[in-house]
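Proteins come first, then strands; the chains are lettered A, B, ... in the order of their sequence lines, and each starts at number 1.
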2 protein chains.
Amino acid sequence: MIVTVTDDEPKVLVVDGPDGGPPLLPSGPLDPDSDDTLDLAVRRWLAIQTGVTVSYMEQLYTFGDRMRSAPEPGERQLAVGYLALVPEETPAEGAMWIDTYDLFPWEDYRRGPPSVLRDDMYPRLDAWAFNDVARQGRAQITFGIGAPWDPIRVLERYELLYEASLVAEAFTARLEPLPGALGGRALGRDHRRIVATALGRLRGKLTYRPLIFEVMPEAFTLTELQHTVEALVGIELHKQNFRRIVDRGDLVERTGEHRSSTGGRPAALYRFRSDVVSERPSPGFSLPRPKRL
Amino acid sequence: MIVTVTDDEPKVLVVDGPDGGPPLLPSGPLDPDSDDTLDLAVRRWLAIQTGVTVSYMEQLYTFGDRMRSAPEPGERQLAVGYLALVPEETPAEGAMWIDTYDLFPWEDYRRGPPSVLRDDMYPRLDAWAFNDVARQGRAQITFGIGAPWDPIRVLERYELLYEASLVAEAFTARLEPLPGALGGRALGRDHRRIVATALGRLRGKLTYRPLIFEVMPEAFTLTELQHTVEALVGIELHKQNFRRIVDRGDLVERTGEHRSSTGGRPAALYRFRSDVVSERPSPGFSLPRPKRL
DNA sequence: CCTAGTAATGCTCAGATAGAGCATAAGCTG
DNA sequence: CAGCTTATGCTCTATCTGAGCATTACTAGG
């Protein structure tokens, strides 16, 4: 799964699904002869399917449930998921960027609790948890109802929605027809689940690794940097404090240039100081700690 | 890889290597027909090879380099590594617990920089980095020479030692005879590398997940809990502050019982409050933050 | 040129947390 | 009962975080 951020929206790269079906993440089988490492295999398929080359990439998770693959006896499909970050780039024919929050509209908390949550999800979660204290508890914790919203619980939220039959995949897995209104845009197979895994991991890792710079251009303003972080994490950050952290963390250095942005005082341009990666144990951006209630 | 802590020493469960070779982690091939999920396959092999059943288990990493397997064309071995935690338990015949710090003597920083580091590793790292500023920098950062010691960089340290030919595996991989003094006890194949991955991950995760209770008995004193954490993380913690964190975090509750330990005031017994797992976003034990120099 | 608008940047302050150490309590051993 | 040992309670300070006010440096419109 390849992620970037453009115009302050997090994007994920997908390829057309077979037979006009829902899109899929780029993927392909390992060639045991030519692919010396899993990393190389992933890069090879990315190049073939999307034309995109990535620098930062990390392994996510290996999916191996029997359910995944067509249940032919004696055969089994393992899928090793990867997460890659790239600056914006135009993909090849057949591949396109889609907005991550089209897949998970409830994950964009930047302007407070998203309306999908309040208008759509809450009532349906209520119905699902009706007369079931355990379900009520889970829904409240994972969706931050009367509890702090935790940006990294992406997978938990998706799985709960799956369990509550509020996402399309829950029906296609049971070979049932889709009812009307469902949460977010679906991907083929279990790929939306993989994206949820990746987004959660990414949000968490941003706090202790300077991954964000993998999606930034060479030079950027602190506001751009902040908006990019906010886009991925899905919450807004306090501007001055963000800048303080970045400053103090020695993550960046001024280029000396300035940018006359859309009205207002020109912003100083910064570049990433890549040597911090080895210097410091955990250079990242602390998220606001969830408030205890 | 299964980890426990006994007598304040972290242990890892290994099985006898083939032909009297170095021990290996328990492992075995997936049965595509009977193993519905990877988790189940792991548990099955654990039961067969060690007789141990685990509750907590998480997937670690999937190793798929061609180097791993005998290079027969058209065939390829993927190894999905898992990390499991158990309270002490006697394993079956052919399996045994070994001290993790026999594998990585340099990782036990509980009584300050271990003597192996000072007497043995430092000089050899010096030699390896002689006249090479980049190597000097890496060695200083990863091994905390004139820099803070970062407990979670287990894999980085092992890999650097591998690169510097200071661990046995570097020679066996090149089919060269072993020289004398080398760092730590080796495992077969790349299994020590897997243990390094797991230990690093475990140390990191302890800080934000209450994993530690997976290796604790039902009831324990706060000092026992602290010693167990210290054993895994490999550093000493401030006693009063540790206790404060545990208290405030509502991670445990008193059982009401007390234990008359080895001299001194009897300690109150505690048990884990398992409901915090869902309640709180990140219940764990913060490690002392590495000091900036 | 002057004024208003806008965003960048600088600074301060209070509350929370972490690191360190002192003081007291409650057992045990002789 | 004195002295030892460990558990437990408490305090003090440096640092960090969340939040907001103030100032600066531009642009656009009169």
Student: Let me know the distance between CD of A:E257 and P of C:dA8, rounded to the nearest Å.
Tutor: 18 Å

Student: Does B:E218 have more than 12 heavy atoms from other residues, nucleotides or ligands lying within 6.0 Å of its CD?
Tutor: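 Result for CD/B:E218: open.
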
Student: Look at the rings of A:Y109 and A:W149 and say which category their plane angle falls in: under 30° parallel, 30 to 60° tilted, over 60° perpendicular.
Tutor: parallel

Student: I want to verify a distance call: between D:dA7, C:dG19, C:dT9, whose nearest atom is closest to the B:R243 side chain?
Tutor: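 The answer is D:dA7.
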
Student: Does a side-chain N-to-carboxylate-O contact under 4.0 Å join A:R259 and A:E224?
Tutor: yes

Student: For a quick test of reading the model, state the closest non-hydrogen atom pair linking A:I212 to A:T228 and the distance between them.
Tutor: CD1-CG2, 3.6 Å

Student: Output the rounded distance in Å from CG (B:L237) to C1' (C:dG21).
Tutor: 16 Å

Student: So with a 6.0 Å cut-off around CG of A:D119, is the heavy-atom count from everything else above 12?
Tutor: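 Atom CG in A:D119 is crowded, with more than 12 foreign heavy atoms closer than 6.0 Å.
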
Student: Any donor-acceptor pair under 3.5 Å joining the side chain of A:R244 to the base of C:dG10?
Tutor: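 Per atom types, no contact qualifies.
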
Student: When only distance counts, do a donor and an acceptor, one from the side chain of A:H238 and one from the base of D:dG20, lie under 3.5 Å apart?
Tutor: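 Such a pair is found, so the answer is yes.
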
Student: Listed by chain and number, what are the side chain to side chain donor-acceptor pair (under 3.5 Å) partners of A:R243, not counting sequence neighbours?
Tutor: none

Student: Can you check the A:F242 CZ to D:dC16 C1' distance for me, whole Å?
Tutor: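 So the CZ-C1' distance, A:F242 to D:dC16, works out to 17 Å.
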
Student: Once you round it to whole Å, what is the distance between C1' of C:dG19 and CD of B:E236?
Tutor: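 It works out to 15 Å between those atoms.
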
Student: Within this structure, what is the CD1-to-P distance between B:I245 and C:dA16, rounded to whole angstrom?
Tutor: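 The answer, rounded to whole Å, is 17 Å.
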
Student: If you restrict it to nitrogen or oxygen atoms, what contacts under 3.5 Å exist between nucleotides 23-26 of chain D and the protein, and what is each distance?
Tutor:
{"unit_1": "D:dT24", "atom_1": "O2", "unit_2": "A:R265", "atom_2": "NH1", "d": "2.9"}
{"unit_1": "D:dA25", "atom_1": "O4'", "unit_2": "A:R265", "atom_2": "NE", "d": "3.4"}

Student: Under a 4.5 Å cut-off applied to non-hydrogen side-chain atoms, are A:Y82 and A:E58 in contact?
Tutor: no

Student: If each of B:T221 and B:N241 is mapped to the nucleotide of DNA chain D with the nearest heavy atom, which maps nearer the 5' terminus, i.e. the 5' end?
Tutor: B:T221

Student: Please give, in whole Å, the distance from D:dT6 P to B:D8 CG?
Tutor: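 Distance check: B:D8 CG to D:dT6 P gives 13 Å.
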
Student: Rounded to whole angstrom units, what separation is found between the NE2 atom of B:H258 and the C1' atom of C:dA26?
Tutor: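 Spelled out: NE2 on B:H258 to C1' on C:dA26 is 10 Å.
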
Student: Given C:dA18, C:dA8, D:dA7, which nucleotide is nearest the side-chain atoms of A:K239?
Tutor: C:dA8

Student: Looking at the base of D:dG9, is there any donor atom on it, or on the side chain of B:Q240, that sits under 3.5 Å from an acceptor on the other one?
Tutor: yes

Student: Nearest-Å distance, CG (B:D247) to P (D:dG9)?
Tutor: 7 Å

Student: Check this for me: does the side-chain of B:R259 come within 3.5 Å of the base of C:dG27 through a donor and an acceptor?
Tutor: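 A donor-acceptor contact between them is absent.
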
